[in-house]
Amino acid sequence: MIDMLDSFRATVERATRDQTPLQIVGSGSKHWYGEAPQGELLDTRGHAGIVAYDPAELVITARCGTPLADIEATLAEQGQMLAFEPPHFGPAATLGGCVAAGLSGPRRQAAGALRDFILGVQLLDGQGRVLNFGGQVMKNVAGYDVARLLPGSLGTLGLILEVSLKVLPKPFAEATLRFELSEAEALTRLNQWGGQPLPISASTWQDGVLYLRLSGAEAAVAGACGKLGGERIADADCAVLWQGLREQTAPFFAGRAESAPLWRLALPSTAQPVALPGAQLIEWGGGQRWWRSDAPAEQIRALAERLGGHATLWRGGDRSVGVFAPLAAPLMQIQRRLKATFDPAGVFNPGRLYPAL
Amino acid sequence: MTETATLPATERQRRAELVQQLRAAFVGCQFLFETEDTVAYECDGLAAYRQLPLGVALPETEAQVQHILRVCTELKVPVVPRGAGTCLSGGALPIEDGIVLSLAKFKHIVELNPLGRTATVQPGVRNLAISEAAAPYGLYYAPDPSSQIACTIGGNVAENSGGVHCLKYGLTVNNILKVRAVTMDGEIVEFGSLAPDAPGLDLLGVFIGSEGMFAVVTEVVVKLVPKPQCAQVIMASFDDVVRGGEAVAAIIAAGIIPAGLEMMDGPATRAVEEFVHAGYDLSAAAILLCEADGTLEEVAEEIARTIAVLEASGATRIQVSQSEAERLMFWSGRKNAFPAAGRLSPDYYCMDGTIPRRHIGTLLGRIAEMERQYALRCINVFHAGDGNMHPLILFNGNDADEWHRAELFGADILETCVELGGTITGEHGVGVEKINSMCVQFSPEERDAFFAVKHAFDPFGLLNNDKAIPTRARCAEYGKLHVHHGQLPHPDLPRF
Ligand SMILES: Cc1cc2nc3c(=O)[nH]c(=O)nc-3n(C[C@H](O)[C@H](O)[C@H](O)COP(=O)(O)OP(=O)(O)OC[C@H]3O[C@@H](n4cnc5c(N)ncnc54)[C@H](O)[C@@H]3O)c2cc1C
Ligand SMILES: Cc1cc2nc3c(=O)[nH]c(=O)nc-3n(C[C@H](O)[C@H](O)[C@H](O)COP(=O)(O)OP(=O)(O)OC[C@H]3O[C@@H](n4cnc5c(N)ncnc54)[C@H](O)[C@@H]3O)c2cc1C
């Protein structure tokens with residue numbers, strides 16, 4: 001493995017001296033996510049490779065430029081997986097980009113989000129310091145849990161050099177069931193089932209059809225299929241369905257014009273059906289609701305907030321309204337202080353998360 | 001016994017005036033300042049460290065918390081938040097010139113939403129009380145520290161507490177949706193949300209486990225999960241601790257994530273058997289408790305799979321609980337390890353390092369050597385599934401030299417954990433207890449970063465200061481004093 005640290009450090013020092021921002025890029029698979037990237041490219045891909053992986057420890061440690069596909073293939077050989085099913089959004093997606101974007105796929109509903117699987121991070125900060133937070137063990141409360149600040153930070157705090165993630169065994173069995181239900185009925189059922197000991201690992205609703213994925217011990221999946229009813233769909237179709245949602249290649253996502261707005265509403269799962277003009281797809285038991293809608297940004301944001309959540313302008317649309325929901329003043333102040341701590345000269349991905357960060 | 005009595009008169013006068021100012025400012029809120037009242041707050045679960053505070057405020061409303069913090073910021077009085085005081089690292093130890101802010105009156109369960117599977121609770125609500133309130137709906141709050149009948153959710157959030165079921169169900173950080181808190185300047189902040197995430201940096205993630213140093217928690221929304229239909233536990237004996245450790249790794253490698261995976265070494269087993277009479281295998285060098293939970297079919301499948309792994313790993317005896325009563329009996333020894341240790345010895349010192357599972361055998365071997373070196377006994381009970389070790393060092397607190405040796409023994413164990421790729425604390429926190437060991441685990445630059453993160457939340461540096469993160473000067477001092485690998489001062493003196 002080639003160690004790129006010295007070259008990264010030189011780039012960061014030069015950027016600090018010349019006051020020129022850096023744009024951290026892996027494969028660029030998520031360049032469209034967040035506010036517009038700006039600055040000189042800092043390519044992480046040379047810093048690649050799996051540093052440590054012992055299936056019995058349930059931990060993998062790898063460098064930021066490692067392709068996500070390599071990591072998943074290595075885990076699959078041992079019957080393990082990244083349980084949060086991160087979307088790749090491109091064949092060459094890197095681990096660093098995955099963590100910085102902080103996104104999770106269909107299994108998030110049951111297994112937890114990327115942030116729940118972060119055990120440790122090595123960071124190159126704006127002063128060229130290599131900082132290690134967390135570690136390679138399951139339980140660790142030594143020092144503040146700074147590693148958990150990085151998922152979703154979109155590279156604004158520094159260059160993630162290395163990451164340790166908790167991994168899980170793949171379920172022994174999986175099955176997908178199909179139900180015809182209205183939106184309101186589907187939401188009620190999803191919440192009711194969530195309160196029962198059922199092995200539900202993913203769900204999606206669109207246009208009167210609910211799909212439910214079950215994962216776990218063979219007996220548990222078979223038992224739940226019997227109990228829940230619905231129509232069991234063929235295994236090959238399941239793979240296409242869930243992969244299409246995870247990578248947003250499903251028609252709902254892929255079929256829109258690039259410039260058309262796609263909104264992500266993160267809501268409490270019990271939030272009532274959302275009424276907006278346009279088309280909707282629901283995931284995560286009701287917690288994630290996608291809207292292809294031309295409604296004004298203020299209306300969508302106000303609605304999401306009233307329901308106890310927030311709205312992100314995921315793709316397309318008029319980006320001048322701000323991609324992420326605005327923060328309360330005291331929270332923004334804390335975030336600015338954190339930014340100033342790790343990146344005092346403001347060289348890393350300035351403005352990618354919020355114009356002020 | 002009052003330390004104030006030994007202070008110079010001018011100092012006593014200054015403190016008295018400060019107390020008067022606080023009393024006047026806190027009107028309408030209970031404020032204890034007489035030594036006979038404040039003495040109950042002079043320590044937490046780590047009783048070896050004691051300090052009387054200036055006073056103890058017991059607010060009842062969030063507005064009072066805001067007011068208290070504003071007053072303290074103005075008067076530059078440090079504040080130590082406190083829940084039930086069961087912390088094992090001195091995190092709730094008072095600061096000499098500061099006050100304790102007790103959340104004991106925040107005992108209300110604000111809302112229980114069975115459909116949404118959330119509970120909104122005040123910080124002084126006990127961990128177990130949440131599960132009790134959720135039980136009628138078939139739900140519970142998963143993280144279950146052994147102290148769950150006493151400890152509060154506010155303390156759990158501050159320590160990122162764990163429990164026996166963490167491996168499968170996660171730690172506090174994985175089970176909290178939202179925290180509402182008041183910063184030192186009296187500002188209300190909300191981290192996280194009832195939705196799957198919140199915009200911006202994940203402040204909730206870094207807040208949990210911040211040891212009461214960022215803000216005072218006034219409300220918590222926890223996630224509730226469905227109670228498994230049933231649970232069964234396997235009790236397996238091993239004639240060698242290393243083989244027991246290997247069995248733990250083999251279970252995980254076989255794709256099984258048990259609901260609980262705990263180990264006790266031979267001396268611990270004998271100590272608890274005397275206490276609970278559960279019929280433990282006294283000839284075993286190690287006992288492994290492995291629990292499966294879920295639906296009936298799921299549990300049967302997992303138990304069969306686990307037994308196969310245990311047999312292949314050389315277990316000398318395997319018993320499976322056949323009833324709920326038997327399951328609880330198998331667990332009773334593990335759950336009573338602390339009181340059992342208390343019967344073996346006047347005092348015990350509980351360590352909390354975590355290591356990669358593959359090194360469990362190595363660490364136990366090193367601890368056995370240290371027992372000889374420090375001339376103190378140590379028994380081991382631990383969360384084997386996540387490599388979180390709880391060596392209990394037995395000593396007599398009335399013997400200053402024994403306590404001193406116990407502290408060195410403990411620090412040596414923690415440094416061995418770091419050397420094996422682990423950490424000095426898995427769930428009890430750094431507090432005042434492990435602050436020197438932080439010098440070993442983190443570089444000066446990392447510690448500077450921790451200070452700066454603290455500063456981002458508490459720029460005044462008044463909230464539970466001087467805990468958890470050592471200054472560079474302190475680490476330099478520790479480096480000078482500290483003799484590596486337990487070279488005791490005066491090694492020539494007899495220790496028995
Ligand atoms: C017998 C025994 C067994 C234990 N078993 C376990 C175990 O299995 N797992 C485990 O993880 N821990 C265990 N502990 C440790 C302890 O119970 C936990 O750390 C617990 O979370 C502390 O809760 P508390 O309410 O007692 O907090 P306290 O001891 O009162 O305080 C702990 C910390 O939290 C801060 N704090 C408290 N309330 C607030 C608030 N509202 N806002 C901000 N900060 C606050 C305090 O300042 C302090 O730093 C055990 C302790 C004992 C005595
Ligand atoms: C933002 C920040 C907040 C801190 N807050 C606390 C706190 O609340 N409590 C606490 O005990 N310690 C805190 N510290 C650390 C503490 O002040 C120093 O580590 C300690 O004083 C050790 O001093 P030293 O002489 O060993 O400094 P050295 O390690 O020799 O100093 C190294 C360099 O760090 C700089 N420096 C030192 N302290 C600070 C500081 N406070 N802010 C900015 N730069 C500094 C100095 O300019 C010096 O050039 C903080 C550090 C920083 C960076």
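Convention: sequence-line order gives letters A, B, ...; per-chain numbering from 1. Both backbone and side-chain heavy atoms feed into the values below; hydrogens, waters and symmetry mates do not.
Using a 4.5 Å cut-off between heavy atoms, A/Leu198 does not touch chain B at all. For a residue to count as touching a neighbouring chain, one of its non-hydrogen atoms must lie under 4.5 Å from one of that chain's; by this rule B/Ala300 does not touch chain A. A/Glu57 touches chain B through backbone and side chain together, each having a heavy atom under 4.5 Å away. Within the 4.5 angstrom heavy-atom criterion, atoms from both the backbone and the side chain of B/Thr425 approach chain A. For a residue to count as touching a neighbouring chain, one of its non-hydrogen atoms must lie under 4.5 Å from one of that chain's; by this rule B/Phe214 touches chain A with the side chain only. For B/Pro459, the part sitting under 4.5 Å from any heavy atom of chain A is the side chain, from C-beta outward, and nothing else. For chain A, no part of B/Lys434 is nearby; none of its heavy atoms comes within less than 4.5 Å. If you measure heavy-atom distances from B/Glu159 to chain A, the contacts under 4.5 Å come from the backbone alone. Proximity to chain B is limited to the side chain of A/Leu353, based on heavy atoms less than 4.5 angstrom apart. With a 4.5 angstrom heavy-atom cutoff, B/Leu204 touches chain A via backbone and side-chain atoms both. Proximity to chain B (any heavy atom under 4.5 Å) is restricted, for A/Arg264, to the side chain, taken from C-beta onward. For a residue to count as touching a neighbouring chain, one of its non-hydrogen atoms must lie under 4.5 Å from one of that chain's; by this rule A/Ala328 does not touch chain B. Contacts of B/Arg357 with chain A are made by both backbone and side-chain atoms, with heavy-atom separations under 4.5 Å. Residue contact with chain A, scored on non-hydrogen atoms closer than 4.5 Å, involves the backbone of B/His428 exclusively. If you measure heavy-atom distances from B/Asn388 to chain A, the contacts under 4.5 Å come from the side chain alone.
Salt-bridge formation is detected for the pair B/Glu301/B/Arg305: a Lys NZ or Arg NE/NH1/NH2 atom is positioned less than 4.0 Å from an Asp or Glu carboxylate oxygen.
Ranked by non-hydrogen atom pairs under 4.5 Å with chain A, the options B/Gly209, B/Ser210, B/Ser193 are led by B/Ser210. Of all the listed residues (B/Leu201, B/Asp202, B/Leu194), the one sharing the greatest number of non-hydrogen pairs under 4.5 Å with chain A is B/Leu201. Counting heavy-atom pairs under 4.5 Å between each of A/Gly195, A/Gly309, A/Gly135, A/Gly308 and chain B puts A/Gly195 at the top. Of the listed residues (A/Gln288, A/Glu218, A/Gln78), the one with the most heavy-atom contacts under 4.5 Å to chain B is A/Glu218. The candidate with the highest count of non-hydrogen atom pairs below 4.5 Å against chain A, out of B/Leu171, B/Val173, B/Ile424, B/Leu139, is B/Val173. With chain A as the partner, the residue from B/Ile257, B/Ile251, B/Leu296 showing the most heavy-atom pairs under 4.5 Å is B/Ile257. For the set B/Ala468, B/Ala254, B/Ala249, B/Pro196, the count of heavy-atom pairs under 4.5 angstrom toward chain A peaks at B/Pro196. Chain B forms the most heavy-atom pairs under 4.5 Å with one residue out of A/Ala219, A/Pro169, A/Ala220, A/Pro326, and that residue is A/Ala219. For chain B, the option among A/Thr312, A/Leu357, A/Val137 with the highest count of heavy-atom pairs below 4.5 Å is A/Val137. In terms of heavy-atom pairs under 4.5 Å with chain B, the best-connected choice from A/Gly134, A/Ala222, A/Ala266 is A/Ala266.
Residues B/Phe457 and A/Tyr144 place their aromatic rings such that the two centres sit no closer than 6.0 Å. For A/Phe348 and A/Phe342, the gap between ring centers reaches or exceeds 6.0 Å.
Atoms NZ and NZ, from B/Lys467 and B/Lys454 in turn, are 10.0 Å apart once rounded to the nearest 0.5 Å. Distance CG/B/Asn436 to CD/B/Gln441: 13.5 Å, rounded to 0.5 Å. Of the inter-residue distances, the one linking B/Phe450 atom CZ with A/Phe133 atom CZ reads 5.5 Å to the nearest 0.5 angstrom. The distance from the OG1 atom of B/Thr183 to the CD1 atom of A/Ile334 is 7.0 Å, given to the nearest 0.5 Å.
Of residues 104-130 of chain A, those residues lying under 4.5 Å from chain B by any heavy-atom pair are A/Arg108, A/Arg115, A/Asp116, A/Arg129, A/Val130. Proximity to chain B among residues 145-157 of chain A is limited to A/Asp145, A/Val146, A/Arg148, A/Leu149, A/Ser153, A/Thr156, A/Leu157, judged by heavy-atom separations below 4.5 angstrom.
Among residues at least two apart or in separate chains, salt bridge (Lys or Arg N to Asp or Glu O under 4.0 Å) pairs with a member in residues 325-342 of chain A are A/Lys339-A/Asp343.
The neighbour count for A/Glu305 CD, taken as heavy atoms of other residues, nucleotides or ligands under 6.0 Å away, does not exceed 12.
Tested against B/Ile355, the residues B/Leu420, B/Asp386, B/Val418 include a single side-chain contact (heavy atoms from CB on, under 4.5 Å) partner, B/Leu420.
Looking at B/Glu427 and B/His390, their side chains do bring a donor and an acceptor atom within 3.5 Å of each other.
Residues satisfying the side-chain hydrogen bond (donor to acceptor under 3.5 Å, both in side chains) criterion with A/Ser201, sequence neighbours excluded, are A/Arg213, A/Ser215.
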